[in-house]
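Throughout, protein chains are lettered first and strands after them, A, B, ... in sequence-line order, and every chain is numbered starting at 1. Fair warning: this is a prediction, and the values are worked out from it, not measured in the lab. Reckoned from all heavy atoms, side chains included, excluding hydrogens, waters and symmetry mates.
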Amino acid sequence: MFEQKKFTVSHAPFWHVGSSVSTRSYNIIFAALPAVLFGVFTYGIPAVGVIALSVSSAITWEIAFNKVAKRPPCIGDGNAAMIGLLLAMLLPATAPWWLVITGTFVAVIIGKQIYGGIGANPFNPVLVSLAILTLSWKNFLDFNEVLVNYDFSYPMAYPLASLKHFGVFAISNLKPAALLMGQQSGGIGAIFGLGLILGGIYLIIRGYIRWEISISFLAGVWITALLFNMADPAHYAGPVFHLVTGYTLIGAFFLATEDSSSPVNFIPMLIYGASAGVLTVLIRNIGAFADGVVFAILIANLINPLVDKIRPKALGKVI
Amino acid sequence: MIKRSFIGLIKPRMRYQAIELTPPEPRKIPAPKQVTLLLNEPYDPFGQGKSPQLKKGDPIKTGQKLALYEDSDAYVVSSATGTISALSALIGDFGRSYTAISIDVAENEEIDEQFPALVKDTSLETVKHFLTFIPGNLPDVILSPNGSSTPIETIVICGVDRDLLITANQHTVVKESSSVKRGVEILKQITGIDNIIIASPEHLMQDAGLSGAEVRVVNPVYPASLPKLIMRDLLGRVVPAGKTCEDLGVAFISVQAVASLGKAFNEGRIPVYKHFNLINKDGTSVLVSAIIGTPVRDIFAAFNIDAGEKDRIIFGGPMTGESIYSEDHPIQPDTDAVMIQDQKSLALVSDYPCINCSECIPICPAKIQVNMLVRFLEVGKYQEAADEYDLYSCIECGLCSFVCVSRIPILQYIKLAKYELGRISRAEETNV
Ligand code: SF4
Ligand code: SF4
């Protein structure tokens with residue numbers, strides 16, 4: 001009995017489907033690539049710079065925090081890289097280096113780590129960061145101002161800003177199909193609507209995002225925009241315009257669907273997605289900002305714990 | 001191992017293994033040199049103030065009833081003839097303690113006379129005193145129907161297997177229908193319960209019908225054969241959270257136990273061969289028959305399986321089994337499978353937090369908010385977990401751990417929480 005073999009002893013179940021946090025993050029990064037590559041193609045080297053800096057600084061902040069907080073390193077899960085990439089996709093290609101680094105600091109440290117890390121953040125870290133950047137350095141995120149040096153064959157006015165300041169007339173020459181194909185100004189990875197949709201479909205099929213949220217978000221945008229448009233077509237743009245401009249599509253497939261800050265039950269997912277969609281159009285049409293996606297999703301994040309209380313009755317429970 | 005499909009939108013459906021219509025005979029393992037019987041009573045020769053009536057060197061016959069003390073209720077039935085070589089204490093999961101009785105097996109088998117002398121009389125007493133340690137395990141609650149808070153009114157015979165890759169119960173339904181039939185008659189006679197139902201897979205309905213019990217069909221997808229889901233789906237009765245099936249007057253028994261009961265009276269001797277599946281490292285599953293008490297070492301040897309350092313040996317199936325420490329661990333009356341996993345292909349758990357990915361939500365048959373539940377369990381807030389997040393609704397199927405992206409050992413947390421809460425409430429009761 002002295003050479004007793006040591007077996008592995010643990011608890012049931014002894015099988016696992018083989019999924020992991022890192023595959024999830026890397027699949028989301030993969031799904032974002034069409035839109036990201038299109039952005040690089042459109043805006044050139046500055047876009048590459050912003051993306052590279054954003055991803056690398058997000059990872060660096062994560063390592064730094066792990067060190068300071070004496071937690072085991074968790075960059076292997078790909079979450080920091082994903083946050084960095086998503087933030088870069090929302091920024092203009094001309095974003096200065098300090099803005100990017102501040103952005104990733106806010107996203108990784110304030111948006112995620114201080115709440116306890118992955119899975120514990122009540123708000124989408126990328127959006128927390130973008131909201132703070134917008135409020136602090138508005139001019140650096142004003143696409144009309146910062147992209148002024150780019151000259152393409154299509155109008156380079158930020159469509160939502162044109163709509164806000166000059167009304168429906170200013171956008172009457174914009175074709176939805178062209179907008180969908182990325183012929184518009186905006187964030188590096190947010191302009192190529194078709195790419196975002198493809199990425200989103202990929203993620204839905206692979207089960208890495210919850211389709212209920214994406215669909216109800218888009219439905220919320222569409223219906224609200226339609227109602228406004230029907231009430232006063234001279235004043236308010238049609239629903240299709242709202243779907244293909246600004247952050248709507250990246251919001252639907254990459255932002256509203258962030259795991260930790262969104263609900264997990266069916267009805268709550270619909271309420272959450274739809275309210276973010278409705279709020280988006282409300283902010284765009286009657287609020288102070290040109291685009292409403294960022295604040296709309298943050299507000300939806302806020303109500304998430306409440307709506308997610310609507311849950312099915314567990315087995316054997318009477319009340 | 002079943003892996004996540006490319007299309008992750010579809011949740012994994014794991015079907016139970018269906019037995020062939022004419023299954024081959026199980027591979028019989030020759031009697032080992034030593035058998036070990038686990039008696040459900042702590043071994044504490046110095047603390048009890050009385051000395052055990054069993055001791056090293058005692059001769060034992062096959063079929064002999066062995067109890068630790070003269071007045072103990074707990075006993076085992078020897079599956080072999082020989083002499084006692086050791087008595088020792090064994091600690092199981094969650095503090096359960098047993099006495100391990102090891103017997104060196106002799107060349108010639110001798111059958112103990114006590115049970116054969118009583119075989120004419122199929123009384124509750126005879127069954128109680130000789131036949132609880134039979135292959136399949138006869139649950140106490142059936143033999144003392146008033147021992148439960150509600151008198152037992154219905155007996156459900158499990159003709160389905162509890163876990164994946166197992167066919168032992170199905171094999172009994174197909175191959176031993178006459179013993180099962182006799183067993184059902186005896187059950188009715190000794191308990192006076194007429195309402196006996198057999199839960200069977202669809203393809204075995206006809207064979208199950210031969211038993212004389214009322215046949216009801218179980219869905220072939222895991223975890224439909226777990227008792228609380230059988231209650232809900234086949235009997236239309238939902239067990240309230242925190243209650244057991246017995247509390248509702250329903251007792252479960254495996255079809256193998258029923259067959260053993262019938263066989264004991266048909267043949268006039270206590271059966272000792274247990275059927276179970278051996279699930280090899282490559283996931284193939286074969287039916288094996290060995291006497292109760294055979295160490296797994298002998299079973300591996302018969303199949304040329306090399307159990308190496310850091311491999312995992314599991315008693316039971318991949319979803320609900322228990323892993324064990326030593327190759328000396330014996331086959332027990334309720335062992336339905338022995339599984340070995342290679343060290344290279346172990347699914348290991350991690351200490352990552354829940355990322356709220358929601359994979360566990362649609363898959364939980366008890367509709368528990370597992371994502372919230374684990375947050376409480378991880379920090380030891382068991383009472384809150386029970387009060388607010390339905391800890392006691394869990395039927396312990398393990399599907400949440402199976403799909404968890406963060407690889408949290410969720411089921412382990414759940415079992416631990418129930419155990420701890422149970423301990424606290426027991427302590428409170430005794431303090432009053
Ligand atoms: S083990 Fe997990 S999936 Fe199964 S019932 Fe319990 S909580 Fe639900
Ligand atoms: S599967 Fe695991 S990580 Fe995902 S929500 Fe459930 S407990 Fe959390």
Side-chain angles (χ1 to χ4, degrees), chain A residues 1 3-25 27 72 74 76-77 79 116-121 203-213 257-266 269 304-305 308-309 311-318, chain B residues 1-4 6-9 12 228 232 238-241 243 307-314 316 318-327 339 341 343 346-347 349 352-359 361 365-369 371 390 393 395 398 401-403 405-407 409 411-412 415:
Chain A
M1 277 288 157
E3 305 140 44
Q4 179 73 275
K5 275 186 244 175
K6 296 238 179 3
F7 296 111
T8 305
V9 178
S10 59
H11 283 265
F14 302 101
W15 277 358
H16 191 269
V17 274
S19 57
S20 67
V21 182
S22 48
T23 10
R24 212 174 162 85
S25 307
N27 269 286
C74 59
D77 65 17
N79 189 258
I118 189 167
N121 49 298
L203 290 177
I204 287 175
I205 291 177
R206 300 278 334 248
Y208 291 124
I209 59 172
R210 314 201 251 281
W211 62 269
E212 297 89 338
I213 295 175
T257 52
E258 199 266 336
D259 282 323
S260 174
S261 54
S262 61
V264 296
N265 292 302
F266 183 66
M269 285 194 275
N304 156 41
D308 217 14
K309 287 235 161 21
R311 52 181 164 134
K313 206 172 69 185
L315 186 70
K317 283 276 173 158
V318 223
Chain B
M1 204 182 314
I2 290 157
K3 287 294 177 194
R4 194 173 198 275
F6 182 82
I7 303 180
L9 195 55
K228 286 194 178 169
R232 184 190 69 186
V238 174
V239 182
K243 293 264 190 263
E309 197 73 13
K310 296 212 179 81
D311 288 355
R312 187 155 58 188
I313 304 174
I314 298 149
M319 299 302 287
T320 57
E322 278 177 26
S323 60
I324 53 146
Y325 296 86
S326 148
E327 276 181 286
M339 179 168 171
Q341 286 181 317
Q343 162 232 337
L346 295 185
V349 298
Y352 229 69
C354 166
I355 64 160
N356 211 42
C357 69
S358 87
E359 297 269 325
I361 302 297
K367 300 205 187 81
I368 294 173
Q369 303 284 293
N371 61 330
D390 306 318
S393 294
I395 59 164
S401 309
F402 174 68
V403 298
V405 170
S406 287
R407 305 195 177 202
L411 179 57
Q412 184 181 349
K415 284 187 178 168

To the nearest 0.5 Å, what is the distance between [atom1] on [X] and [atom2] on [Y]?
X	Y	atom1	atom2	result
B/N356	A/S261	CG	OG	8.5 Å
A/H11	B/E322	NE2	CD	8.0 Å
B/M339	A/F14	CE	CZ	8.0 Å
B/S358	A/D308	OG	CG	9.5 Å

Mind ranking A/N121, A/D77, A/T23 by heavy-atom pairs under 4.5 Å with chain B and telling me who comes out on top?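 The option with the most such pairs is A/D77.
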Strictly distance-based, threshold 3.5 Å: is any side-chain N or O of [X] a donor or acceptor partner for the main-chain N or O of [Y]?
X	Y	result
A/K5	B/A307	yes
B/S393	A/L315	yes
A/S260	B/I355	no
A/R210	B/C357	yes

Over all atoms of both residues, closest heavy-atom pair of [X] and [Y]:
X	Y	answer
B/F402	A/W15	CD1-O, 3.4 Å
A/P13	B/G398	CG-O, 3.3 Å
B/R312	A/S10	NH1-OG, 2.5 Å
A/F7	B/Y325	CD1-O, 3.3 Å
A/K317	B/A241	CE-CB, 4.0 Å

Can you check side-chain contact (heavy atoms from CB on, under 4.5 Å) on A/T8 and B/Q341, steps first, answer last? CA-CA 9 Å; A/T8 305; B/Q341 286 181 317; over 6 Å; no
Contact origin within A/R206 toward chain B - heavy atom pairs under 4.5 Å: both
Highest number of heavy-atom pairs under 4.5 Å with chain A: which of [options]?
options	answer
B/V403, B/D311, B/V238	B/D311
B/I314, B/I324, B/N371	B/I314
B/R232, B/Q343, B/K243, B/Q412	B/Q412

Side chain from CB out, backbone as N, CA, C, O: work out which of these in [X] comes under 4.5 Å of a heavy atom of chain A, or both, or neither.
X	value
B/T320	backbone
B/P409	neither
B/D390	both

List the residues meeting side chain to side chain donor-acceptor pair (under 3.5 Å) with B/E359, not counting sequence neighbours, and say none if there are none.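 Residues passing side chain to side chain donor-acceptor pair (under 3.5 Å) with B/E359: B/R4.
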What do the steps show when you test A/S20 against B/Y352 for side-chain contact (heavy atoms from CB on, under 4.5 Å), and what is the final call? CA-CA 10 Å; A/S20 67; B/Y352 229 69; over 6 Å; no
Do B/Q369 and A/P312 touch side chain to side chain, with heavy atoms closer than 4.5 Å?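 B/Q369 reaches A/P312 side chain to side chain.
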